[in-house]
2 protein chains.
Amino acid sequence: MSITRYQVIRTHVLSLVEAGQLKSFDRVPSENELAEQFSVSRMTARKALQSLLDSGVITRVRGKGSFVADLQVTGSSLRITNIAEDVRAKGHTFSSVVHSLEEFNASGDVARRLLLSDGEAVFYSDIVHFDNNLPIQWERRYVLREQVPEYLAQDFNLRTTHDYLAQVAPLAAVRSSISAINADAKAVERLDVVPQEACLLVERLTESRDGIVAFSQLIYPGTRHKLGASYEL
Amino acid sequence: MSITRYQVIRTHVLSLVEAGQLKSFDRVPSENELAEQFSVSRMTARKALQSLLDSGVITRVRGKGSFVADLQVTGSSLRITNIAEDVRAKGHTFSSVVHSLEEFNASGDVARRLLLSDGEAVFYSDIVHFDNNLPIQWERRYVLREQVPEYLAQDFNLRTTHDYLAQVAPLAAVRSSISAINADAKAVERLDVVPQEACLLVERLTESRDGIVAFSQLIYPGTRHKLGASYEL
DNA sequence: AAATCCAAGTTGTATATACAACACAATTTA
DNA sequence: TAAATTGTGTTGTATATACAACTTGGATTT
């Protein structure tokens, strides 16, 4: 079994990632750069990057470049249920408190997830959802202005952000990652938990056919709430 | 967004499979046949077939041809629990340490989940999985003896518990719940986290056609690991 | 100062070509 | 008859080229 040229390039880029020289969201050499560096055609270099894309190691954006993926996320296909529906399905009352609904200058992680430059303005909402007056979800959403220009004019006590977004920009894909975090001071205040209590953090990127629509951070009190996922064959 | 030529071919072949005109192990038109039929180059037809290969719809053998995959096996649900594949897909090395593999008297929560009475014996395994020598999952499994009588005789360094269970008792349903917990002393030891660090707890009930097979508790270091979930419409 | 345009860089699609690796059947040879 | 060769068809790799779609930043024009 001989080693092919595109496998050499693939291994090279992969080793850069594994050695820590390239970290999550860092830019990966372009097809042309790799082609020249390894003296191969662009199509061969492209095949190496496509292979890394299929493996989930990098993400690629036309016109911008290739970037190291969020390597902590492992691929799978859990199905996350809608919280408002869950509450009402149990016969409980669902309510929300809007703490903030304003413009916001994206930076750091948020900007990178939305593929924006540092400081670009997005719409921002900070809402807590209640199940029978007990806080069960703290939702922070960063919405692209051009995709949803009327976002700030909505009353999210009447309709959830998710329902509104689903109507305005038909969803094409939803990518979520689930992790656990210790509650910080803000979370303690919003969710009425004890300091350092374990909470679920769901980070979600929603896309329509026109591209990214919003990035959301959903925080649940870990002990008070469970995400369900079931699948039958 | 316009429809590309290779997507047209991909959809065409896929519809043949979904309509039942092509069944498992049937031969799929070759690259050259598709190229002529759709008046495209061989490389474009090839791209369509490669796409179907990536999706698991077909298998391809050099020198022989392309064939419809065994559709019974291509359930996306198998991917969910296969942590070994996820790690290897990233190009990392996967390893396991078996801390315990023995008989256990179920009680409390475990007994209730498995629909057993208090004190009934089940098989029990306690295993930690590593990604590049970093612990990423602590797996405790409670397995019904009559469903999997040879469980204790396996070497789970060679094959993961899930792979073995999937082979012995074909899965019919998987029900999971995800919550967040603070690391206790045992978790600190197994996962090398700091006390009270937030961890993900996935509790999972797996069933075959003959009923419940096992109850599993999977604990992930919250900050070090994320569960991914994506669905496209 | 603001809007527009343009050029360069990047990924995506598509073509045409060539050769390699492999399977398989038919033919030729020992 | 048995073995070797040949030919055809298939997938795999690799190159060179062209254009499309998109981003970005700088230059130009308004």
Side-chain angles (χ1 to χ4, degrees), chain A residues 1-13 22 25-69 106 111-120 144-147 172 207-212, chain B residues 1-13 22 25-69:
Chain A
M1 167 135 17
S2 65
I3 298 176
T4 60
R5 302 196 189 195
Y6 81 84
Q7 283 175 329
V8 171
I9 300 173
R10 182 191 198 278
T11 302
H12 171 257
V13 175
L22 291 178
F25 306 108
D26 279 355
R27 196 168 173 289
V28 170
S30 72
E31 297 176 357
N32 284 322
E33 288 168 348
L34 289 172
E36 191 185 6
Q37 181 179 348
F38 287 87
S39 299
V40 298
S41 74
R42 183 197 143 204
M43 295 307 290
T44 299
R46 174 179 179 76
K47 192 169 180 180
L49 291 181
Q50 283 291 355
S51 162
L52 290 171
L53 176 69
D54 294 339
S55 302
V57 177
I58 64 173
T59 59
R60 315 191 74 201
V61 183
R62 172 186 291 193
K64 297 190 71 171
S66 303
F67 307 88
V68 178
R112 281 194 310 232
R113 299 299 267 269
L114 293 170
L115 298 176
L116 297 177
S117 339
D118 246 47
E120 276 196 80
L144 290 192
R145 298 192 300 175
E146 58 267 29
Q147 297 267 17
E207 302 177 20
S208 75
R209 261 172 283 279
D210 299 326
I212 295 175
Chain B
M1 181 174 304
S2 66
I3 298 175
T4 61
R5 302 197 188 193
Y6 81 84
Q7 283 176 329
V8 171
I9 301 174
R10 181 191 199 278
T11 302
H12 171 256
V13 175
L22 291 178
F25 307 107
D26 281 354
R27 194 166 176 290
V28 171
S30 72
E31 296 176 357
N32 284 321
E33 287 168 348
L34 288 172
E36 189 185 8
Q37 181 181 347
F38 286 88
S39 300
V40 298
S41 74
R42 184 198 144 204
M43 294 308 289
T44 300
R46 173 179 180 76
K47 192 169 179 179
L49 291 181
Q50 284 290 358
S51 162
L52 290 171
L53 177 68
D54 294 339
S55 304
V57 177
I58 65 174
T59 59
R60 315 192 74 200
V61 183
R62 172 187 288 192
K64 297 189 71 174
S66 303
F67 307 89
V68 178

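Side chains are part of it too, since the values below use all heavy atoms of this structure and drop only hydrogens, waters and symmetry mates. Every chain is numbered from 1, with letters handed out A, B, ... down the list of sequences. Keep in mind that what you see is a predicted model, and the values were worked out from it rather than measured.
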Nearest whole angstrom, please: distance from the [atom2] of [N] to the [atom1] of [X].
X        : N      : atom1 : atom2 : value
A/Arg62  : D/dT24 : CZ    : P     : 14 Å
A/Met43  : D/dC19 : CE    : C1'   : 13 Å
B/Lys47  : C/dT13 : NZ    : C1'   : 5 Å
A/Phe67  : D/dT23 : CZ    : C1'   : 10 Å
A/Leu116 : D/dC22 : CG    : P     : 17 Å
B/Leu34  : D/dG9  : CG    : C1'   : 15 Å
B/Gln50  : D/dA14 : CD    : P     : 13 Å
A/Arg60  : D/dA21 : CZ    : C1'   : 14 Å

**B/Arg5-B/Thr44 side chain donor-acceptor pair, cut-off 3.5 Å** =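 Checked: B/Arg5/B/Thr44 side chains show no N/O donor-acceptor pair below 3.5 Å.
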**Prompt:** In a check of side-chain hydrogen bond (donor to acceptor under 3.5 Å, both in side chains) between B/Glu31 and each of B/Arg42, B/Lys47, B/Gln50, which one passes?
**Reply:**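 Answer to the side-chain hydrogen bond (donor to acceptor under 3.5 Å, both in side chains) test with B/Glu31 among B/Arg42, B/Lys47, B/Gln50: B/Arg42.
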**Request:** Starting from the 5' end of DNA chain D, give me the residue, A/Val61 or B/Arg27, whose nearest nucleotide shows up first.
**Result:**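 Nearer the 5' end of the strand: B/Arg27.
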**Request:** Take A/Arg42 and A/Arg5, find for each the nucleotide of DNA chain D with the closest heavy atom, and name the residue whose nucleotide sits nearer the 5' end.
**Result:**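 Mapping each residue to its closest nucleotide by heavy atoms, the 5'-most match is A/Arg5.
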**CG-OG distance between A/Asp26 and A/Ser66, expressed to the nearest 0.5 angstrom** =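 Atom-to-atom, A/Asp26:CG and A/Ser66:OG are 12.5 Å apart.
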Starting the side chain at C-beta, find the nucleotide from [options] nearest to [X].
X       : options                : value
A/Lys64 : C/dA14, D/dA14, D/dT23 : D/dT23
B/Arg46 : C/dT11, C/dA14, D/dT11 : D/dT11
B/Val40 : C/dT15, D/dC22, D/dA14 : C/dT15

So does [X] get a side-chain nitrogen or oxygen closer than 4.0 Å to the phosphate oxygens (OP1/OP2) of [N]?
X       : N      : result
B/Ser41 : C/dA14 : no
B/Tyr6  : C/dT13 : yes
B/Thr44 : C/dT15 : yes

**Request:** Quick one: label A/Gln7 by what it contacts on the DNA or RNA (base, sugar-phosphate, nothing), any heavy atom closer than 4.0 Å.
**Result:**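 The residue A/Gln7 makes no contact with any strand.
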**Prompt:** Is the CD atom of A/Glu36 crowded by more than 12 outside heavy atoms at less than 6.0 Å?
**Reply:**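 Incorrect, the count does not exceed 12.
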**Message:** By nearest heavy atom, map A/Ser30 and B/Ser39 onto DNA chain C; which one lands nearer the 5' end?
**Reply:**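 Nearer the 5' end of the strand: A/Ser30.
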**Request:** Work out which heavy atom in A/Gln147 is nearest to a heavy atom in A/Ile212; give both atom names and the distance.
**Result:**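 In terms of heavy atoms, the two residues are closest at NE2-O, 3.1 Å.
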